[in-house]
Q: 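The structure is given below, and queries will be raised subsequently.
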There are 2 protein chains.
Amino acid sequence: MNLKKLSTLLGLSQTTVSRALNDYPEVSEATRARVKAAATAHNYTANTRAKSLATGRSMAIGHVIPISTRHEIVNPIFADFIAGAGEVYSRNNHDMLLSVVPDKDEERTYRELAGKASVDGVIMHGPRPNDPRIKLLKSLSIPFVVHGRASDGDTDYSWVDVNNRRSFERAANFLFDLGHVRLGLINGLEFMDFARRRKDGFLDAHRQRGIAADPALMVSGEMAEDVGYQSARDMLGRAEAPTALIVSSMIMAIGVRRAIGDMGLKMGRDISVIIHDDVLSYLPNGADIPIFTATKSSVHHAGQLCAQMLLDIIRAKDQTPRHTLLETGLTVGESTGPLRQR
Amino acid sequence: MNLKKLSTLLGLSQTTVSRALNDYPEVSEATRARVKAAATAHNYTANTRAKSLATGRSMAIGHVIPISTRHEIVNPIFADFIAGAGEVYSRNNHDMLLSVVPDKDEERTYRELAGKASVDGVIMHGPRPNDPRIKLLKSLSIPFVVHGRASDGDTDYSWVDVNNRRSFERAANFLFDLGHVRLGLINGLEFMDFARRRKDGFLDAHRQRGIAADPALMVSGEMAEDVGYQSARDMLGRAEAPTALIVSSMIMAIGVRRAIGDMGLKMGRDISVIIHDDVLSYLPNGADIPIFTATKSSVHHAGQLCAQMLLDIIRAKDQTPRHTLLETGLTVGESTGPLRQR
DNA sequence: GAAATCACTCAAAGCGCTTTGGAAATGATT
DNA sequence: AATCATTTCCAAAGCGCTTTGAGTGATTTC
């Protein structure tokens, strides 16, 4: 079933049928109703390809997911982000185009997305400091929103980000207030911008208190359970072990908890832990009382915000960049307590 | 830059340029080289929309992800599946179209995907017993592959699945062999086909041994950490507590481990646990010796297989359904041990 | 009663590509 | 030199839609 058939079937021209379906005013309500009824009756939907060829809009948003061996991005956090963004697209009749590409092909993929005109806009994931992709996207003059920020870039662009620096600064200060002095940081990969900012916040808090941060107590790695486990074991096994840990993700924290259990320690008493919680649906942070004291920020919500911002930009044609900075709350759970003298 | 401009630029017709780029034989190698060089030089890629309108193929595969409140599907397992499938699509120059829709709109979405002709095929996720979507997809006559199976359907269709029944049957028998008699099952939602099959396997093993399965020791729920925790606490707190548990996913198992720890028990000694491990990259099952005894099957690999099968079907035009049944290995880890008399 | 307005409707062009059915140029064969 | 096959190229149709610019009849206004 296509426009042509439908219109001959109705005894109308293609123009009228098209206008009726797309809610143009130049069509009487009577015919509009008749046309719409026929469309649903014959299960007619306009062919997207033809439609976007004619209109110049593809009604689709691209997400480019780079993969290396075991990369940051194809992870549970990403899944929740996508779910959030996808909801917004659906509500706005847009499609989501996902390209999973080896990271060396990432640039080519962006070029092609622009050249092939298969999307109206792009969400960029996992920005690094001074990320070259931002210049690339600007030069391709395709609307885009970055999930996160790329420090030190001279250009302005649209982004949605969590205040990671402030978040970790507060977390560290919270632990200092409880009497802790030796803090450990188990961070994400620090060539990622968010991880770098978190470390900055961690260090800022130390500076404010005049406490020296021990480089041996700051590690950075993939956000995986085993990395959390191994890092915690290593740190807690040291002569000068930390009395509190700040952990960059729930997944890592699960490994940290396993390590603490294996070492016969009790979390919240022998060792305090603060995590950053992305509020993943299948990894809730306890029911009533949170298991972990946490800085939290829903990545699902971030996905919605990014998607909505991009759609707004595409619609608005006002290309001044937009920014959303999300603050995190610090929720106290059972994993933190005052420093105990041993 | 488009075909027209490029061809006038080269002093050739659009036909020739198109044929040169698409490796048709009717073009001399000399001109082909010249054309290709010009294309890359001017950063030309054929407009996908126009191309697919002309060819009738969209070079895209659709994935419809239904969401309810906190649904099975938008989960870490899904993320790894998508990553696997996406890799295959990229290698074959296909795009992945993701539709995240409220489950009540799922049928409409499939209808539209077919009507709008925006994809060449579809991967169906999370089949239920007697799933109506299969009939729908057949009636829309669009190529599709199901990840999993829908029991009791009379029609044949293409699928990639894990032998879930056998897998859980073996797991239960393994525990029986260790002397356990009271086994607990912490399963996924049993309106999902895979969960139903797992339960069947669990029950089959009981039948083989002439052991009665206690309904109080079989729970089914969302595959989330807290569900695992609560289920384990409930079961282990009973007067007639199980001495071994079979858990349907790593995420749930993390909650189970937490419950066991909170109750002061030791896994592998006081209580045995076997899990099904989907081999998620960021939740590895230990390094050398697995933490959990597990039946394992990589969902990432399943994603690749589904994608490849679908592409094959689309290409082949031989529409006889294909099937791939993946067997799981039973890997022994530290979470199981012989029954101890208390 | 003629002119102007309004409410609908339509034919046809165009979006950027592929592909059919030739045509022109080249080379080989008689 | 004429014929034929081969290679190389092209004009134009068509994919299914939107949108421009124009036309029709009915209604209102002068």
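Letters A, B, ... mirror the listed sequences (proteins, then strands); counts begin at 1. Below, all heavy atoms of this structure are taken into account, side chains as well, without hydrogens, waters or symmetry copies.
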Q: Does dT18(C) have OP1 or OP2 sitting under 4.0 Å from an N or O in the side chain of N22(B)?
A: yes
Q: What verdict does the side chain to side chain donor-acceptor pair (under 3.5 Å) test give for T16(A) and S13(A), after you've listed the backbone C-alpha separation in whole Å, the side-chain angles of each residue and the deciding distance to 0.1 Å?
A: CA-CA 5 Å; T16(A) 307; S13(A) 77; 3.1 Å; yes
Q: Could you pick out which residue, E26(A) or T55(B), lies toward the 5' side of DNA chain C when each is mapped onto its nearest nucleotide?
A: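 Per heavy-atom nearest nucleotide, the more 5' residue is E26(A).
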Q: Could you give the angle between the helix axes at the two ends of the helix from dG1(C)-dC30(D) to dT30(C)-dA1(D), with five pairs per end, rounded to 10 degrees?
A: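 Between the axes fitted at each end of the helix from dG1(C)-dC30(D) to dT30(C)-dA1(D) lies an angle of 60°.
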Q: Can you list, pair by pair, the side-chain donor-acceptor contacts under 3.5 Å of residues 4-12 of chain A, counting residues two or more places apart and other chains?
A:
residue : atom : partner : partner atom : Å
S7(A)   : OG   : L3(A)   : O            : 2.9
S7(A)   : OG   : K4(A)   : O            : 2.8
T8(A)   : OG1  : K4(A)   : O            : 3.3
T8(A)   : OG1  : K5(A)   : O            : 2.8

Q: What's the NZ-P distance between K4(A) and dA11(C), to the nearest Å?
A: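 Rounding to the nearest Å, NZ of K4(A) and P of dA11(C) are 12 Å apart.
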Q: Measure the distance from CG on L6(A) to C1' on dC10(C) and round it to the nearest whole Å.
A: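 Going from L6(A) (CG) to dC10(C) (C1'), I get 16 Å.
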Q: Counting only heavy atoms and a strict 4.0 angstrom limit, can you tell me which residues of residues 27-46 of chain B come near DNA chain C?
A: Y44(B), A46(B)
Q: Just N and O in the side chain of Y24(B): are any of them under 4.0 Å from OP1 or OP2 of dT18(C)?
A: no
Q: Counting only heavy atoms and a strict 4.0 angstrom limit, can you tell me which residues of residues 9-19 of chain B come near DNA chain C?
A: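 Heavy-atom contacts with DNA chain C come from Q14(B), T15(B), S18(B), R19(B).
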Q: For residues 25-40 of chain B, which residue pairs qualify under side-chain hydrogen bond (donor to acceptor under 3.5 Å, both in side chains), counting only residues two or more places apart or in two chains?
A: D23(B)-K36(B), S28(B)-T31(B), E29(B)-R32(B)
Q: If I take atom CG in residue N2(A) and atom C1' in nucleotide dG14(D), what distance separates them, rounded to the nearest angstrom?
A: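 Rounded to whole Å, this separation is 13 Å.
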Q: Provide, to the nearest angstrom, the distance between the CE atom belonging to M1(B) and the C1' atom belonging to dC15(C).
A: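 It is 17 Å, rounded to the nearest whole Å.
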Q: Parallel, tilted or perpendicular: which describes the rings of F78(A) and H125(A), with under 30° parallel and over 60° perpendicular?
A: perpendicular
Q: For K51(A) and dG16(D), give me the distance from atom NZ to atom C1', rounded to whole Å.
A: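 Value for this atom pair: 12 Å.
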Q: Over how many whole Å does the gap from L53(A) atom CG to dC15(D) atom C1' extend?
A: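 Rounded to the whole Å, the gap is 9 Å.
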Q: Do any pairs count as a side-chain hydrogen bond (donor to acceptor under 3.5 Å, both in side chains) and have a residue in residues 41-62 of chain B, sequence neighbours left out, and if so which ones?
A: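 Checked against side-chain hydrogen bond (donor to acceptor under 3.5 Å, both in side chains) - neighbours excluded - the pairs reaching residues 41-62 of chain B are S58(B)-D120(B).
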Q: L3(B) CG to dC15(C) C1': how many Å, rounded?
A: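 Between C1' of dC15(C) and CG of L3(B): 13 Å.
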Q: Check the angle between the aromatic planes of F81(A) and H147(A) and answer parallel, tilted or perpendicular using the 30° and 60° thresholds.
A: parallel
Q: To the nearest Å, give me how far apart CE (M59(B)) and C1' (dT18(C)) are.
A: 14 Å
